[in-house]
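Here is how names work: the chains are called A, B, and so on, in the same order as the sequence lines, proteins then strands, and each is numbered from 1.
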Amino acid sequence: MRKLRTVRGVNDLLPYELHKHNIVVNAGLEISEKYNYSQIEIPIFEFSEVFTKPLGKSSDIVTKENYIFKDRSEDELMLRPEGTSGVVRAFLNAGLIQDLPQRFSYNGPMFRYERPQKGRLRQFKQLGVECLGLSSPMADIEVMSLGHDFLDKLNILDKITLKINSLGDFDSRKNYRDSLVNYLRDYQSKLSKDSLRRLSINPLRILDSKNEEDQKIIQNAPSIFEYLNIDSKTRIEDVCKGLDHLNIKYQIDKNLVRGLDYYCHTAFEFTTNELGTQGTVLAGGRYDGLSKMLGGPDVPGVGWAAGIERLALMVQSEFVNAIDVVLVGQCENFNYLLLPIMKKLIQEGIKSEIIYTGNFSKKFKRANKIKASYAIILGKEEIDKKVFKFKDLTSGFEELLNLNQIIKKLKN
RNA sequence: GCGGGUGUAGCUCAGUUGGUUAGAGCGCGGGUUUGUGGUACCUGAGGUCGCCGGUUCGAAGCCGGUCACUCGCCCCA
């Protein structure tokens with residue numbers, strides 16, 4: 001038979017892998033809930049505008065990485081490449097603007113048509129939080145603290161660095177952008193091909209170029225901090241102050257830029273160097289203009305998204321699928337007698353499996369393989385005496401007991 | 001979209017300058033064991049050598065193409 005395969009960059013998740021994903025998701029949802037972020041679920045695809053308007057025409061996510069298609073009614077739809085736009089759209093649709101602030105958490109698959117790499121897939125999962133309706137820098141600090149606690153819960157904080165920057169408000173950013181472009185124009189001949197392209201599309205991106213020549217040029221480039229107006233400047237100072245109060249370590253990275261148009265002011269990334277080039281594990285920032293871009297009223301917002309696959313790669317945890325007890329009968333007919341026994345055990349919260357086939361030898365081999373702790377054995381002798389043989393598979397000790405006695409022992 | 005590396009059994013990998021029937025370990029099945037597992041021994045199954053084409057008397061190994069994986073770039077979580 002010819003092997004069927006999955007679509008490139010779209011992977012199966014087998015139990016031992018899903019196990020780590022679940023650790024990540026559960027930790028994220030739990031800590032979010034404690035911070036009073038309520039779980040929300042939004043569609044996996046939307047009208048394309050939901051994403052194209054906020055993300056910006058210059059972003060690759062919109063121009064070349066999208067999964068766009070038309071449905072039977074000729075509506076142009078898009079598989080979601082990220083979560084924030086959809087959450088804000090849902091928030092606006094539900095009229096929750098009447099009841100601010102709103103705090104949401106979400107998790108689920110996102111889709112980007114990219115070249116797959118380690119920690120980067122075409123269908124990948126994100127877990128994120130959004131805090132809507134608070135313009136105070138306190139909200140920025142809050143979501144970063146939440147992200148920090150999340151990574152702490154996963155026991156990977158020692159491998160993580162938090163980098164923050166301010167992109168300023170719209171005016172500051174515009175002024176800075178102009179002066180940066182002005183500066184870079186003088187070096188046009190020396191800039192890398194990629195950066196040259198970015199010069200007209202998204203000049204801020206040149207700041208985090210990995211090209212060595214570019215790096216040299218950038219070193220003497222004007223800094224965003226020189227162009228922050230008072231409001232923007234105090235904001236980033238307040239954010240730093242808050243992090244200090246929480247004893248959260250961070251680095252100011254003036255070259256940290258966000259790729260998506262809707263970001264402003266605070267931008268941050270939790271990164272690791274354990275995952276090769278895909279080091280960003282949780283990232284976000286403030287997006288005060290997003291709601292307006294979607295056609296809604298001005299609503300300030302701040303949030304982040306974390307890559308579940310990337311975090312799962314860092315989590316240390318082995319998948320052990322052990323079982324409390326197996327039930328083995330002497331012959332196939334006894335399986336019927338074992339069914340209600342298994343049901344009872346399961347009702348008592350005891351993980352059980354009847355081993356249906358094979359002779360005793362085979363059944364015990366399987367019991368061993370699936371890491372069973374105990375076996376309940378039912379043969380002719382036991383039926384005559386109206387008991388079960390209960391075996392401790394670690395010690396090999398066997399005794400004749402009735403079901404209630406067995407349950408008592410198993411629950412100890 | 002661009003560049004590098006890789007592709008042999010379920011998994012990890014050998015396979016000499018191209019040579020006849022492609023191997024190992026682990027795992028899997030059967031047995032030694034007709035009421036008892038782990039250990040040990042015996043034994044068996046499992047391969048279009050990613051795919052297509054070319055060179056050759058002969059290709060797992062060489063050449064071209066293609067697909068997939070992987071690392072980096074772009075981009076991003």
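Note on A:Leu393: a base of the nucleic acid sits closer than 4.0 angstrom, heavy atoms only. Within 4.0 Å (heavy atoms only), A:Thr394 reaches at least one base atom of the nucleic acid. Within 4.0 Å (heavy atoms only), A:Gly9 reaches sugar-phosphate atoms of the nucleic acid but no base atom. At the heavy-atom level, A:Ile377 lies under 4.0 Å from base atoms of the strands shown. Heavy atoms of A:Gly128 sit nowhere under 4.0 angstrom from any nucleic acid atom. Within 4.0 Å of A:Leu121, counting heavy atoms only, lies at least one base atom of the nucleic acid. Heavy atoms of A:Glu269 sit nowhere under 4.0 angstrom from any nucleic acid atom. In this structure, A:Glu381 reaches the bases: a heavy-atom distance under 4.0 Å links it to at least one base atom across the strands shown. Contact annotation for A:Gly276: backbone-only contact, meaning every heavy-atom pair under 4.0 Å involves sugar-phosphate atoms and none involves a base. Counting non-hydrogen atoms under 4.0 angstrom, A:Ala305 reaches the backbone sugars and phosphates but no base.
The listed nucleotides are B:G37, B:A77, B:G1; the one nearest the side chain of A:Phe124 is B:A77. Here the nucleotide nearest the side chain of A:Asn368, chosen from B:C75, B:G37, B:A77, is B:G37. Comparing atom distances between the A:Lys391 side chain and each of B:G38, B:A77, B:U36 picks out B:U36 as nearest. With distances taken from any side-chain atom of A:Lys365 to the nucleotides B:A77, B:G37, B:G35, the minimum falls on B:G37.
Between A:Gln117 and B:U70 there is no side-chain polar atom (N or O) within less than 4.0 angstrom of OP1 or OP2. For B:C73, the OP1/OP2 oxygens have a side-chain nitrogen or oxygen of A:Thr277 closer than 4.0 Å. Taking only side-chain nitrogens and oxygens, A:Arg115 never comes nearer than 4.0 Å to OP1 or OP2 of B:C2. Put simply, A:Lys362 has no side-chain N or O that comes within less than 4.0 Å of OP1 or OP2 on B:U33. Side-chain nitrogen and oxygen atoms of A:Lys210 include at least one within less than 4.0 Å of the OP1 or OP2 phosphate oxygen of B:C73.
With a 3.5 Å ceiling on both atom-pair distances, the Watson-Crick or G-U wobble partner of B:G64 is B:C52. Across all strands shown, B:U12 is found opposite B:A24 as a Watson-Crick or G-U wobble partner, with both distances under 3.5 Å. Summarising the base pairing, B:G58 is matched to no nucleotide, lacking a Watson-Crick or G-U wobble pair whose two defining distances lie under 3.5 Å. With both pairing distances under 3.5 Å, B:G29 is matched to B:U43 as a Watson-Crick or G-U wobble pair.
B:C2 and B:A59: their C1' atoms are spaced 32 Å apart (whole Å).
Regarding the sugar-base torsion, B:G50 falls in the anti class, its angle being beyond 90° of 0.
Classified by interplanar angle (parallel below 30°, tilted 30° to 60°, perpendicular above 60°), the ring pair A:Phe104/A:Phe91 is perpendicular. Ring-plane geometry between A:Phe319 and A:His19 is classed as tilted, the angle between the planes lying from 30 to 60 degrees on a 0 to 90 degree scale. Between A:Phe270 and A:His148, the ring planes are tilted. Angles from 30° to 60° get that label.
With hydrogens and angles ignored, no donor-acceptor pair closer than 3.5 Å exists between the side chain of A:Lys363 and the base of B:U36. Below the 3.5 angstrom threshold, one finds no donor paired with an acceptor across the side chain of A:Glu65 and the base of B:G1.
A:Tyr176 and A:Glu226 are not linked by any side-chain donor-acceptor pair at a separation below 3.5 angstrom, with hydrogens and angles left out of the test.
Heavy atoms from other residues, nucleotides or ligands lying under 6.0 Å from CZ of A:Phe45 number 12 at most.
With A:Tyr113 as the aromatic partner, A:Arg122 meets the cation-pi criteria of under 6.0 angstrom to the ring centre and within 45 degrees of the ring axis.
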